[in-house]
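The block underneath contains the structure these notes are about, expressed in structure tokens.
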Amino acid sequence: QVQLVESGGGLVQPGGSLRLSCAASGSIFSIDVWAWYRQAPGKQRELVASMISHGNKRYADSVKGRFTISRDNRDNTLYLQMTGLTPDDTGVYYCNARHAGWGHLYWGQGAQVTVSS
């Protein structure tokens with residue numbers, strides 16, 4: 001079992017930066033893929049960034065070059081560093097972890113990110 005607790009959301013002006021955190025606890029050793037999803041108002045949840053346990057990273061085209069996914073192995077915290085934010089980045093961001101044994105997905109509670117002047 002894995003628990004994910006998110007923090008770091010908030011209101012940011014266009015062009016600004018923000019870092020989301022996702023503190024993981026439990027059977028972390030069982031996770032093989034970490035990811036961030038987001039859901040904009042009235043839209044489907046979309047994959048923003050993912051990171052395989054060995055370090056390989058993937059990004060959605062819309063955030064490539066602006067967002068960085070990383071993980072701090074000291075305290076098992078997943079991060080999403082966001083720069084050059086635009087109003088299109090507004091939404092609820094969810095961290096995600098996949099169980100290596102059978103593919104079960106664990107989810108954070110969501111963090112609201114609002115990009116506005």
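We use all heavy atoms of the structure for the numbers below, so side chains are in, but hydrogens, waters and symmetry mates are not.
In this structure, the side chains of M82 and D89 stay at 4.5 Å or more apart for every pair of heavy atoms. The shortest side-chain heavy-atom distance between S25 and N76 does not fall under the 4.5 Å cut-off. A heavy-atom distance below 4.5 Å is not found between the side chains of R38 and V113. D32 is not listed as a side-chain neighbour of I52, based on a closest heavy-atom distance of 4.5 Å or more.
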- request: Report the C-alpha separation of L20 and Y94 in whole Å, then their side-chain angles, then the decisive distance to 0.1 Å, and conclude whether the side chain to side chain contact (heavy atoms under 4.5 Å, CB included) test is met.
  value: CA-CA 10 Å; L20 300 180; Y94 300 89; over 6 Å; no

- prompt: What do the steps show when you test N73 against R71 for side-chain hydrogen bond (donor to acceptor under 3.5 Å, both in side chains), and what is the final call?
  reply: CA-CA 6 Å; N73 293 323; R71 182 167 178 264; 2.7 Å; yes

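The nearest pair of heavy atoms linking C22 to L4 is SG-CB, 3.7 Å. The two residues V2 and S30 have their closest heavy-atom pair at CG2-OG, 4.3 Å. Of all the heavy atoms in S50 and L47, the pair that sits closest is CB-CD1, 4.4 Å. Summarising the geometry of D75 relative to T77, their closest heavy-atom pair is OD1-OG1, 3.1 Å, with the distance given to 0.1 Å.
Remark: M51 CE to T68 OG1 distance equals 11.5 Å, nearest 0.5 Å. Considering CD of Q44 and CD of Q39, their distance stands at 7.0 Å, rounded to 0.5 Å. Note that the CD1 atom of I69 and the SG atom of C95 stand 9.5 Å from one another [nearest 0.5 Å]. The OG atom of S116 sits 6.5 Å away from atom CG of L11, with the distance rounded to the nearest 0.5 Å. In this structure, CD1 in I28 is found 8.0 Å from CD in Q3, a value given to the nearest 0.5 Å. Taking CZ of F67 as the start and NZ of K57 as the end, the distance is 14.5 Å to the nearest 0.5 Å.
Here Y79 pairs with nothing under the ring pair (Phe, Tyr, Trp, His ring centres under 6.0 Å) rule; sequence neighbours left out. Y59 is linked by a ring pair (Phe, Tyr, Trp, His ring centres under 6.0 Å) to nothing, counting only residues two or more places apart in sequence or in another chain.
Between the side chain of T90 and the backbone N or O of V115 there is at least one donor-acceptor pair closer than 3.5 Å. With hydrogens and angles ignored, the 3.5 Å screen pairs no side-chain donor or acceptor of Q1 with any backbone N or O of G26. Listed for the R66 side chain is a donor-acceptor partner under 3.5 Å among the backbone atoms of G84.
Side chains of T83 and Q81: a donor-acceptor N/O pair is absent below 3.5 angstrom, by distance only.
Ring geometry for Y106 versus H99: interplanar angle of 30 to 60°, hence tilted.
Taking a 6.0 Å sphere around CZ of R58, one finds it holds 12 or fewer heavy atoms contributed by other residues, nucleotides or ligands.
I31 and V48 fall within the same hydrophobic cluster, defined by Ile, Leu, Val, Met, Phe, Trp and Tyr side-chain heavy atoms under 4.5 Å apart, directly or through other members. In this structure, L80 is a member of the same hydrophobic cluster as L18, with clusters built from ILVMFWY side-chain heavy atoms closer than 4.5 Å.
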